[in-house]
Amino acid sequence: MTLPRVLVIAGSDTSGGAGLQRDLTVLDRLGCTHASVVTALTAQNDHCVADMHVPPQKFLGTQLCAALASGPVAAVKIGMLADAPTVRSVAAALEGLGEVPIILDPVLVATSGRTLLDRAGQAELKARLLPLATLVTPNLDECAVLTGKRRASQGLEIEAQARALLEFGSAAVLLKGGHAKGAHSVDLLVRRGEEVRAFSAPRIAGNMRGTGCALASAIAARLAHGDSLERAIESAKHWVHGLISEANEPAPPDPGGA
Ligand code: PLP
């Protein structure tokens, strides 16, 4: 059986906790092969992003051409984009892709505080990339920044903010409630002319990094396998919940210990 192939466009995370490394692990586990384009090299661990390097635009363009020429892709997952020229190059490369679903995780700031997409890049993302996206997957903070509003805190306000982001032209917005309060983590799917749909999973205490990357990659994987958007989100959310539970299981006893 030929496995579907997903194109990942993302930044490298030296710690392996988030970014490209997280994306590729998820795709492997969900039965997809992958092509990858590196938008930025970060030097980071769980506490800080010490430095980052954005490859020259010409080289980014060459990576995009090579990845797209290396075979058909069944879905595209986009993560960290760093700056405006990177956003423009990615948008130009994806404009002719046709019906292939594009999942855009609008990575703006690392949990440790460093900006991962500058202001000019955010403007370019709204103008050039959101209109190409099948689904954009912001958390509450990212949605607030992109819509120029304060962070939404309750039901109707959250839905209104997701709808405001939809105005930039993506086919759908999945506004993730993982950073909100409550016993469940609830994500809202909004699309033009459709009822809002909520996806819920019990909240797990802990602070695993890269869960946003993992969810967007898992959705891309399920779409690449042929699921509908709703089915892909449902199964990806369930799978990521399992991943976080796994990461929070107590470590097995040290066989060499006392
Ligand atoms: N570094 C890179 C390269 C990323 O792509 C991301 C998120 O997508 C992060 C860091 C941030 O991850 P976290 O917010 O989980 O620290």
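Order of listing sets the numbers, starting from 1, for every ligand and every atom in it. Just the heavy atoms: all of them, side chains too, but no hydrogens, waters or symmetry mates, feed the values below.
- Both the backbone and the side chain of Thr111 come within 4.0 Å of ligand 1, counting heavy atoms alone.
- Proximity to Ala18 (heavy-atom distance under 4.0 Å) selects the following atoms of ligand 1: 6 (C), 9 (C), 12 (O).
- With hydrogens left out, the protein atom closest to atom 16 (O) of ligand 1 is Arg209 NE, 2.8 Å, a heavy atom.
- For Gln44, the closest heavy-atom approach to ligand 1 falls below 4.0 Å.
- Remark: the Asp83 side chain and the Thr86 side chain contain an N/O donor-acceptor pair separated by less than 3.5 Å.
- A salt bridge links Asp46 to Arg209: at least one charged side-chain nitrogen sits closer than 4.0 Å to a carboxylate oxygen.
- Considering backbone and side-chain atoms together, Ser12 places no N or O closer than 3.5 Å to any N or O of ligand 1.
- Of all atoms in ligand 1, numbered sequentially from 1 with element shown, those under 4.0 Å from a heavy atom of Gly210 are 15 (O).
- Of all protein heavy atoms, the one lying nearest to atom 3 (C) of ligand 1 is Gly11 O, 3.4 Å.
- Among Leu108, Leu116, Leu81, Asp13, the residue whose heavy atom lies closest to atom 9 (C) of ligand 1 is Leu116.
- For atom 8 (O) of ligand 1, the nearest protein heavy atom (residue, atom name, distance) is Cys213 SG, 2.9 Å.
- Side chain of His34 to main chain of Asp23: no donor-acceptor pair is present (N/O by atom type, distance under 3.5 Å, no hydrogens or angles).
- A chain of hydrophobic side-chain contacts below 4.5 Å, direct or via other Ile, Leu, Val, Met, Phe, Trp or Tyr residues, connects Leu81 to Leu64.
- Judged by distance alone, the side chain of Gln57 and the main-chain N or O of Ser89 form no donor-acceptor pair under 3.5 Å.
- Those atoms of ligand 1 that come under 4.0 Å of a heavy atom in Met80, given as number and element, are 3 (C), 5 (O).
- In summary, Glu167 and Arg163 do not engage in a salt bridge, as defined by a charged side-chain N under 4.0 Å from a carboxylate O.
- For atom 5 (O) of ligand 1, the nearest non-hydrogen atom of the protein is Gly19 CA, 3.3 Å.
- Put simply, the side chain of Leu94 reaches to within 4.5 Å of the side chain of Val76, judged on heavy atoms.
- Counting only distance, with no hydrogens or angles, the side chain of Arg5 and the backbone of Pro72 share a donor-acceptor pair below 3.5 Å.
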